[in-house]
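Chain A is the first sequence line, chain B the second, and so forth, proteins listed ahead of strands; every chain is numbered from 1.
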Amino acid sequence: MQDRLIQQRIEKLERMREQGIDPYPHTFAVTHTAAAALADFEELAASGETVRLAGRLMAKRIQGKAGFANILDSSGSIQLYVRKDNLGDAFGVVKLLDLSDIIGVEGTLFRTRTGHQTLEVRRLEVLAKAIRPMPVVKRKGMGAETDQAEVFDEVTDKEMRYRRRYVDLVIHPEVREVFRRRAQVLAGLRRILDEQGFLEVETPALQPLYGGAAARPFVTHHNALNRRLFLRIADELYLKRLIVGGFDRVYEIAKNFRNEGMDRTHNPEFTALECYQAYGDYEDMMRLTEEIFAGLARALTGGTRVRYAGEDVDLTPPFERLTMDAALQRYAGIDLDASNAEILAACDRHGVESVDEDEPRTRLLDMLLREVVEPHLSGPVFLLDYPVEMSPLAKRKRGGGGEGRGARVERFELFIRGTEFANAFSELNDPLEQRARLEEQAAARAAGDDEAHPVDEDFLRAVEHGMPPTGGLGIGVDRLVMLLTDQHSIRDVVLFPAMRPEGGEVEGEEPGGGQGDPCH
RNA sequence: GGGCCGUUAGCUCAGUUGGCAGAGCAGGAGACUUUUAAUCUCAAGGUCCAGGGUUCGAUUCCCUGACGGCCCA
């Protein structure tokens with residue numbers, strides 16, 4: 001059993017203590033990372049300079065009174081050479097070391113007979129004894145911890161990797177790399193927006209009313225105020241309040257929470273960038289989107305063409321523009337203003353299954369788009385000019401449209417490989433029309449559309465104070481990271497993805513039967 | 001929500017046409033002072049995901065469930 005392995009490690013830990021060794025000391029001063037030591041290897045080896053490194057013991061090849069080991073730190077791995085001649089009595093602790101212990105070493109660099117760059121250890125300290133064994137993954141070639149190495153006994157159990165990401169990160173260099181690149185994407189987004197004068201802000205994640213997207217929220221409860229709060233599904237309505245407040249360019253990189261299913265492109269909490277630019281419109285947002293996608297691709301890969309799932313994706317601006325009218329004609333053979341019956345007929349014609357005829361028109365259109373149009377949008381392509389009833393926060397298209405059905409709004413979504421990556425509008429800033437649109441939403445809601453917006457009076461009050469013409473843009477950051485790291489599941493770009501609870505424990509159920517104090 | 005597949009030692013996996021299971025790695029003991037999937041010798045390690053059914057007997061067959069993966073809505 002695993003307990004036996006843990007017990008053996010605890011016994012070693014006790015033996016260390018008997019020898020006067022503290023297995024959990026407070027600090028260890030390092031002079032280099034493994035990568036830095038290897039980068040400056042020739043110099044350091046020639047000068048015989050003392051190098052101090054610390055990391056996790058990943059491999060051990062002991063040969064009697066000497067031996068080799070590899071440690072892994074955040075920069076990579078390096079080989080160690082330990083011998084009794086150098087360590088004296090301290091060589092005894094080597095026997096008490098297990099794989100995945102954290103150690104600190106001091107010594108000099110040299111090259112072995114077989115040419116491997118190695119640290120000859122003169123002092124060795126235990127920094128943290130690990131009592132739980134990790135999966136052992138061996139690598140052949142190029143030392144140990146490199147891309148080209150052939151891998152043995154790789155851990156393929158996705159469940160374990162997601163649930164115990166700490167283990168996944170230790171044993172998979174490529175997973176560490178994905179999350180480094182994720183950090184680069186976030187830093188790159190901030191850099192691009194900061195350079196253009198956008199101000200990074202933070203708005204409430206706990207909201208008395210939710211809005212800014214069509215989605216169902218998570219509901220929670222604030223004990224002190226004894227009132228219901230929602231986790232945000234979007235930060236749009238707060239960022240627009242800030243535009244009213246006079247910050248002409250704002251952005252937020254925020255966790256949003258949507259109470260919906262999980263799949264390869266959906267996690268119940270996810271990261272979105274939203275930015276708003278006063279005196280701009282959706283044309284400006286298209287240009288900004290192109291700059292962001294191309295700029296990040298350049299920052300991460302050096303060019304604007306990236307590989308995804310074995311195919312080229314060309315993120316070189318400008319991206320194609322396609323109106324929704326044209327897209328529906330082209331791919332569904334239907335007019336955007338078609339009746340419900342015509343939409344249903346088109347769904348049927350294109351083999352869309354399980355269509356509920358009683359759904360509202362917007363839902364039917366949405367389904368037709370998702371099933372029939374979007375799969376064709378390999379992109380990158382801006383799908384433009386949505387029907388007004390699908391976009392309660394977007395401004396009517398200039399110079400056309402008119403009232404009621406048939407009206408279009410200035411809105412686009414960016415599609416790449418059939419997946420939505422961005423959503424943007426020329427923001428509606430006419431307070432009377434905004435009120436009317438939200439009231440329509442409220443009516444749809446009352447009629448059973450549980451993704452329709454509630455009316456947010458405070459938001460309307462802000463817009464009544466005067467909101468400048470504004471362009472707004474939202475980008476799904478997780479999907480963007482997937483695109484730029486060639487990962488095919490959102491779970492591979494979220495450090496701790498949502499999972500069903502492990503084991504049979506029934507924790508985390510609905511507390512307290514619905515109403516009242518959900519605590520205790 | 002539906003379909004298919006998976007769950008066996010700490011890890012990667014075999015296997016049992018139904019008779020309580022094996023290998024490699026890791027771990028233990030021993031040998032080995034420039035190895036690298038180090039090597040060699042020996043010993044040990046299991047609720048075969050859970051529950052029910054069929055059966056003299058189930059890890060194996062059937063049903064239900066849990067969790068996960070892939071595909072579809």
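Look at A:Asp478 and A:Arg182 and you find a salt bridge, because one of the NZ, NE, NH1 or NH2 atoms lies within 4.0 Å of a carboxylate O, short of that distance. Ion pairing between A:Arg161 and A:Asp492 fails under the 4.0 Å rule for side-chain N and carboxylate O.
Judged by closest nucleotide on RNA chain B, A:Met134 is the one of A:Lys60 and A:Met134 placed further toward the 5' end.
For A:Thr114, taking side-chain heavy atoms from C-beta onward, the closest of the listed nucleotides B:rU35, B:rC67, B:rU34 is B:rU35. In the set B:rG28, B:rA26, B:rU34, the nucleotide with an atom closest to the side chain of A:Asp98 is B:rG28. Relative to the side chain of A:Arg113, the nucleotides B:rG10, B:rU34, B:rG45 differ in distance, and B:rU34 lies closest. Considering only side-chain atoms of A:Arg491, the nucleotide from B:rC25, B:rG28, B:rG68 that sits closest is B:rG68. Of all nucleotides listed (B:rA73, B:rU35, B:rC32), B:rA73 comes nearest to the side chain of A:Asp263. Distance from the side chain of A:Gln63 is smallest for B:rA38 among the nucleotides B:rA73, B:rC67, B:rA38. Closest to the side chain of A:Phe152, from the set B:rU12, B:rA37, B:rU35, is B:rA37.
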Extract all donor-acceptor atom pairs below 3.5 Å that involve side chains of residues 94-110 of chain A and protein atoms in other chains or at least two apart in sequence.
from: A:Asp98; atom 1: OD1; to: A:Lys12; atom 2: NZ; distance (Å): 2.5
from: A:Asp98; atom 1: OD2; to: A:Lys12; atom 2: NZ; distance (Å): 3.3
from: A:Asp98; atom 1: OD2; to: A:Lys129; atom 2: NZ; distance (Å): 2.6
from: A:Asp101; atom 1: OD1; to: A:Ala130; atom 2: N; distance (Å): 2.9
from: A:Asp101; atom 1: OD2; to: A:Asp98; atom 2: N; distance (Å): 2.8
from: A:Asp101; atom 1: OD2; to: A:Lys129; atom 2: NZ; distance (Å): 2.7
from: A:Glu106; atom 1: OE1; to: A:Arg52; atom 2: NH1; distance (Å): 2.6
from: A:Thr108; atom 1: OG1; to: A:Arg122; atom 2: NH1; distance (Å): 2.8

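Within the nucleic acid shown, A:Lys158 comes within 4.0 Å of sugar-phosphate atoms alone, with no base atom in reach, counting heavy atoms only. Base engagement by A:Arg83 is indicated by at least one non-hydrogen atom pair under 4.0 Å involving a base atom. Residue-level contact check: A:Arg9 touches neither bases nor backbone, having no heavy atom under 4.0 Å from any strand. Using a 4.0 Å heavy-atom criterion, one finds that A:Glu154 contacts the sugar-phosphate atoms exclusively. At a threshold of 4.0 angstrom between heavy atoms, the contacts of A:Lys12 are confined to the sugar-phosphate backbone, with no base atom among them. Residue contacts shown for A:Tyr162 are limited to sugar-phosphate atoms, with no base heavy atom under 4.0 Å away.
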Show your reasoning for whether ring pair (Phe, Tyr, Trp, His ring centres under 6.0 Å) applies to A:Tyr210 and A:His453. CA-CA 8 Å; A:Tyr210 61 96; A:His453 274 73; 7.8 Å; no

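Side-chain atoms of A:Ser75 and A:Asp73 form a donor-acceptor pair, as typed in the model, at a separation below 3.5 Å.
Below the 3.5 angstrom threshold, one finds a donor paired with an acceptor across the side chain of A:Thr112 and the base of B:rU35. Interface remark: the A:Glu159 side chain does not form any donor-acceptor pair with the B:rU7 base, using a distance-only criterion of under 3.5 Å.
Contacts of A:Phe91 classified as ring-ring contact (aromatic ring centres under 6.0 Å, His included), with partners at least two apart in sequence or in another chain: none.
Aromatic ring pairs are classed by plane angle as parallel below 30°, tilted from 30° to 60° and perpendicular above 60°; the pair A:His376 and A:Tyr331 is parallel.
A stem is defined here as three or more consecutive Watson-Crick or G-U pairs, each with both distances under 3.5 Å; for RNA chain B these stems are B:1-7 with B:66-72, B:10-13 with B:22-25, B:28-31 with B:39-42, B:49-53 with B:61-65.
At least one side-chain nitrogen or oxygen of A:Arg264 sits closer than 4.0 Å to the OP1 or OP2 atom of B:rC71. Taking 4.0 angstrom as the limit, A:Lys138 places a side-chain polar atom (N or O) nearer than this to OP1 or OP2 of B:rA38.
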